[in-house]
Structures are given as C-alpha cells and as structure tokens.
A.B. asks: 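Can you read through this structure? Questions will come right after.
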Amino acid sequence: MPELPEVEGVLRALQPIVTGKTIKSVEVSETIYNSKAIGKEAIIKGLDVEQFCLALPGTKIDHLERRSKYIYFHLLKDGLPYMLVSHLGMSGAWFSVKNLHEITEVKFRKHAHVTIYFEEGDLLVYSDIRRFGELRFLETEADYPPLLLMAPEPFDQHALDHFLHMSALPKYENKAIKEFIMDGHVVSGCGNIYATEALFRMKIHPARAVKRISRERKIHLFQEIVIVLLDSIENGGSTISDYRTINGGAGNMQNRLQMYGKKECGFCGTKTKQKTIGGRTSTYCPACQK
DNA sequence: ATGCTGCTCCGGACGC
DNA sequence: TGCGTCCGGAGCAGC
C-alpha cells in the first residue's frame with residue numbers, strides 16, 4: 001500500500017529515467033479497454049481510452065512532482081503545459097523497461113495495463129493488480145478539483161497550522177484521531193501504516209476523539225507523523241503486499257515498523273488489538289495507547 | 001447545510 | 001477444489 005514515502009521513492013526513481021523524454025504512443029490493455037467500453041472508470045479517469053491515447057503522444061516530460069500520494073508528470077506539447085496525474089491506489093506500480101518481458105514478477109506482468117512508448121525507444125509501464133489506481137490527463141490541477149483540496153505537504157511550513165485549524169472544525173472534532181490524520185484534507189499522504197505508527201509512538205488510542213487531545217499533544221502528534229514519514233523515506237519506504245518501487249525494488253521500512261501488522265506490542269509485549277475505525281482496520285496496543 | 005452510508009473501481013488471501 | 005467473504009484509497013451520489 002503505497003503511502004507518501006513509497007510514492008516519494010517511486011518519484012525519485014522515475015525522475016532521472018523519464019525526464020526529458022517524449023511520448024511516442026500509448027497502449028491500453030484489453031482488460032481496461034473492455035471495462036471502459038462498458039462505462040466503468042477503470043484506471044483511466046475522466047477520458048475514454050481513445051482520448052487518453054491520443055492526448056499523450058507528442059508531449060515531452062518536463063519535470064515530475066509528488067503531491068500527497070499523487071505523482072504529477074508535468075508535460076509540454078507545442079510549448080503548452082499539460083499534466084499526467086498518477087495515483088497508485090492499492091497496488092499500482094511503474095516499470096521502466098525495454099520490453100514487457102523484463103517485468104519478471106508474474107502478477108505485475110499479468111496486470112500491465114498502460115504502456116507508454118517513448119521516442120527514445122524504452123517503455124514506461126503502469127501495472128495495477130487491483131485497479132484502484134488512477135491516471136488522469138489534465139491541463140491544470142483545477143481540471144480535477146479534489147487536487148486543490150488536498151492538505152499542504154506535511155513538510156510545508158503551513159501544514160501544522162492547517163492541521164490545528166482542521167482539528168477545531170465541527171466536522172472533525174468528534175472524529176476518531178486515526179480517521180482524522182488519515183483524511184487527505186487534513187494531512188497529505190498519511191495512510192494506515194504511518195497513522196498506526198505515529199499513534200503508537202505517541203501512545204494515543206486510535207479511537208480517541210480529536211477534541212479530547214490537547215493542543216500540545218496534537219502538535220506533538222503532527223511532528224511525529226512528519227518524523228515517521230521522513231524516517232520511511234530515508235529507508236526506502238515499506239515493502240508490504242503489492243507495493244514495489246520502480247522495476248520491482250523493495251524498501252526496508254517494514255522492518256522498522258513497531259505496530260502496523262504486529263501481533264504483540266513492540267514496547268511492552270502485550271497482545272495487540274484490532275478495531276475498525278473509519279472503516280479501516282486499526283492495530284493498537286491496549287496497554288500503551290490510551 | 002451538513003454529514004453519514006453505501007457504492008464503485010478489483011483480485012488475492014483466507015476460511016470452511 | 002471451490003465457493004463465499006473480506007479488504008482497501010478516495011471520490012461521490014443520495015438520503
């Protein structure tokens with residue numbers, strides 16, 4: 001499950017490979033073509049397959065940017081800016097190869113759904129087992145308004161003020177803290193793994209109501225989220241289930257996690273508990289987290 | 001005017 | 001072996 005650190009890893013790997021290249025053509029798998037043909041929004045969002053495949057050729061990749069869990073491919077065509085926006089969802093991955101057979105893991109090769117051919121001769125392949133990911137061709141962020149509503153980057157100097165401001169809104173004050181910090185309008189890029197870790201490190205019960213946490217503790221919690229995200233980026237992200245970096249690489253952060261996916265508390269050894277909060281499985285230590 | 005709930009994109013993992 | 005059920009980022013329609 002790629003969260004901010006994993007997406008950052010993908011971005012850093014992708015950047016030197018694709019920057020400056022020109023897209024020659026785009027191919028979409030028969031599976032996606034068929035899903036789209038019966039009206040489903042499978043991976044390619046907002047455009048039909050033909051429009052998408054016609055839009056990209058002739059564009060040059062000017063630079064990449066990560067925004068929350070999205071990767072923006074900033075493009076230029078005839079001097080005009082466009083963007084290809086990518087979200088990996090649950091199981092999306094990019095592969096830079098010379099041909100499809102270079103994707104050695106069968107499950108990724110089998111679910112290769114969008115292939116970008118470069119003028120330079122190599123390919124960029126988007127593979128997605130669960131098809132929860134998305135690709136959008138846009139002129140600007142405003143063409144897909146939810147992008148404008150995302151919380152600031154957690155490392156941005158305004159991010160903490162934004163977080164505190166949101167925590168006082170009626171809409172959020174009665175919410176469970178875990179649901180709150182996993183909301184992309186509140187914190188950018190913090191999913192189940194890092195929300196779980198940050199709350200464990202802070203010894204806060206994931207179901208505790210936002211309004212029952214002091215301002216000081218909220219500030220510390222936000223800082224802990226930033227620390228755990230940066231720690232993960234430094235360690236190449238967490239390689240869990242279907243997440244891969246470019247060309248199938250793996251990170252090391254999964255070995256540093258203390259609560260996510262654990263049977264016993266890494267601190268006191270108590271058997272961990274699981275509770276569904278905001279519709280998502282949440283693991284916590286009933287002894288340490290209050 | 002909010003804010004819930006459920007639906008939608010799916011296949012793999014798991015239990016019986 | 002085979003079938004049913006659960007899971008999940010995130011937006012959105014409908015109540």
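Below, read A as the first sequence line, B as the second, and so on, with proteins coming before strands; counting in each chain starts at 1. Atoms considered below: every heavy atom in the structure, side chains included; atoms not considered: hydrogens, waters and symmetry mates.
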A.B. asks: If I take atom CZ in residue Phe180(A) and atom C1' in nucleotide dC4(B), what distance separates them, rounded to the nearest angstrom?
C.D. replies: 18 Å
A.B. asks: Could you tell me, to 10°, how much the axis swings from one end of the helix from dG3(B)-dC15(C) to dC16(B)-dG2(C) to the other, five pairs per end?
C.D. replies: 50°
A.B. asks: Determine, stepwise, if the pair Arg67(A) / Leu147(A) fulfils side-chain contact (heavy atoms from CB on, under 4.5 Å).
C.D. replies: CA-CA 9 Å; Arg67(A) 182 71 179 89; Leu147(A) 297 176; over 6 Å; no
A.B. asks: Can you tell me if Gln289(A) uses its side chain to pair, donor with acceptor, with the backbone of Cys285(A) under 3.5 Å?
C.D. replies: yes
A.B. asks: Once you apply a heavy-atom cut-off of 4.0 Å, does Gly279(A) come out as touching a base, just sugar-phosphate, or nothing?
C.D. replies: sugar-phosphate
A.B. asks: From CG of Asp128(A) over to P of dG8(C), roughly how many Å is that when rounded to an integer?
C.D. replies: 17 Å
A.B. asks: Could you state the atom-to-atom distance from CZ of Arg67(A) to P of dA10(C) in whole Å?
C.D. replies: 12 Å
A.B. asks: How close or far is atom P of dC9(B) from atom NZ of Lys45(A), stated in whole angstroms?
C.D. replies: 8 Å
A.B. asks: Can you check the Lys171(A) NZ to dG3(B) P distance for me, whole Å?
C.D. replies: 6 Å
A.B. asks: Counting the benzene-type ring for Trp, do His87(A) and Tyr70(A) have ring centres under 6.0 Å apart?
C.D. replies: yes
A.B. asks: For the base of dG9(C) and the side-chain ring of Phe132(A), does the geometry meet a stacking cutoff of under 5.5 Å between centres and under 30° between planes?
C.D. replies: yes
A.B. asks: In whole Å, what is the span from the CG atom of Leu169(A) to the C1' atom of dG3(B)?
C.D. replies: 13 Å
A.B. asks: Using modelled atom types and a 3.5 Å cut-off, is there a donor and acceptor pairing between side-chain atoms of Glu134(A) and backbone atoms of Ser86(A)?
C.D. replies: no
A.B. asks: Can you find an N or O donor on one side and an acceptor on the other, under 3.5 Å apart, linking the side chain of Arg280(A) with the base of dG8(C)?
C.D. replies: no
A.B. asks: Taking the minimum atom-to-atom distance to the side chain of Lys110(A), which one of dG12(B), dG9(C), dG11(B) wins?
C.D. replies: dG12(B)
A.B. asks: What is the distance from CG of Leu4(A) to C1' of dA10(C), rounded to the nearest Å?
C.D. replies: 16 Å
A.B. asks: Within the pair Lys36(A) and dC9(B), is there a side-chain N or O less than 4.0 Å away from OP1 or OP2?
C.D. replies: no
A.B. asks: Starting the side chain at C-beta, find the nucleotide from dG11(C), dG8(C), dC9(B) nearest to His185(A).
C.D. replies: dG11(C)
A.B. asks: When you measure from the side-chain N and O atoms of Thr281(A) to the phosphate of dG8(C), is any distance below 4.0 Å, counting only OP1 and OP2?
C.D. replies: yes
A.B. asks: Select base, sugar-phosphate, or nothing to describe what Lys175(A) touches, counting heavy atoms under 4.0 Å on all strands.
C.D. replies: sugar-phosphate
A.B. asks: Distance-only check: which donor-acceptor pairs under 3.5 Å involve side-chain atoms of residues 42-49 of chain A, not counting sequence neighbours?
C.D. replies:
| from | atom 1 | to | atom 2 | distance (Å) |
| --- | --- | --- | --- | --- |
| Lys45(A) | NZ | Glu41(A) | O | 2.7 |
| Asp48(A) | OD1 | Glu50(A) | N | 3.2 |
| Asp48(A) | OD1 | Gln51(A) | N | 2.9 |

A.B. asks: Mind checking if Tyr144(A) touches a base, just sugar-phosphate, or nothing, with heavy atoms under 4.0 Å?
C.D. replies: sugar-phosphate
A.B. asks: Taking the six-membered ring for Trp, are the ring centroids of Phe163(A) and Tyr172(A) within less than 6.0 Å of each other?
C.D. replies: no
A.B. asks: May I ask you to establish whether Lys36(A) and Phe52(A) are in a cation-pi arrangement, using a distance under 6.0 Å from NZ or CZ to the six-membered ring centre and at most 45° from the ring axis?
C.D. replies: no
A.B. asks: Of the candidate nucleotides dG12(B), dA10(C), dG3(B), which contains the atom at the shortest distance from the side chain of Arg130(A)?
C.D. replies: dG12(B)
A.B. asks: Is it the case that atom CD in Glu216(A) sees more than 12 heavy atoms from other parts of the structure closer than 6.0 Å?
C.D. replies: no
A.B. asks: Tell me: NE2 of His113(A) to C1' of dC10(B), nearest whole Å?
C.D. replies: 9 Å
A.B. asks: Starting the side chain at C-beta, find the nucleotide from dG9(C), dG3(B), dC10(B) nearest to Lys69(A).
C.D. replies: dG9(C)
A.B. asks: For the side chain of Ala42(A), counting heavy atoms from C-beta on, which of dG9(C), dC7(C), dC9(B) is nearest?
C.D. replies: dC9(B)
A.B. asks: Of the options dG9(C), dC7(C), dG12(B), whose atoms approach the side-chain atoms of His111(A) most closely?
C.D. replies: dG12(B)
A.B. asks: Of the nucleotides dG3(B), dC7(C), dG9(C), which one has an atom closest to the side chain of Met182(A)?
C.D. replies: dG9(C)
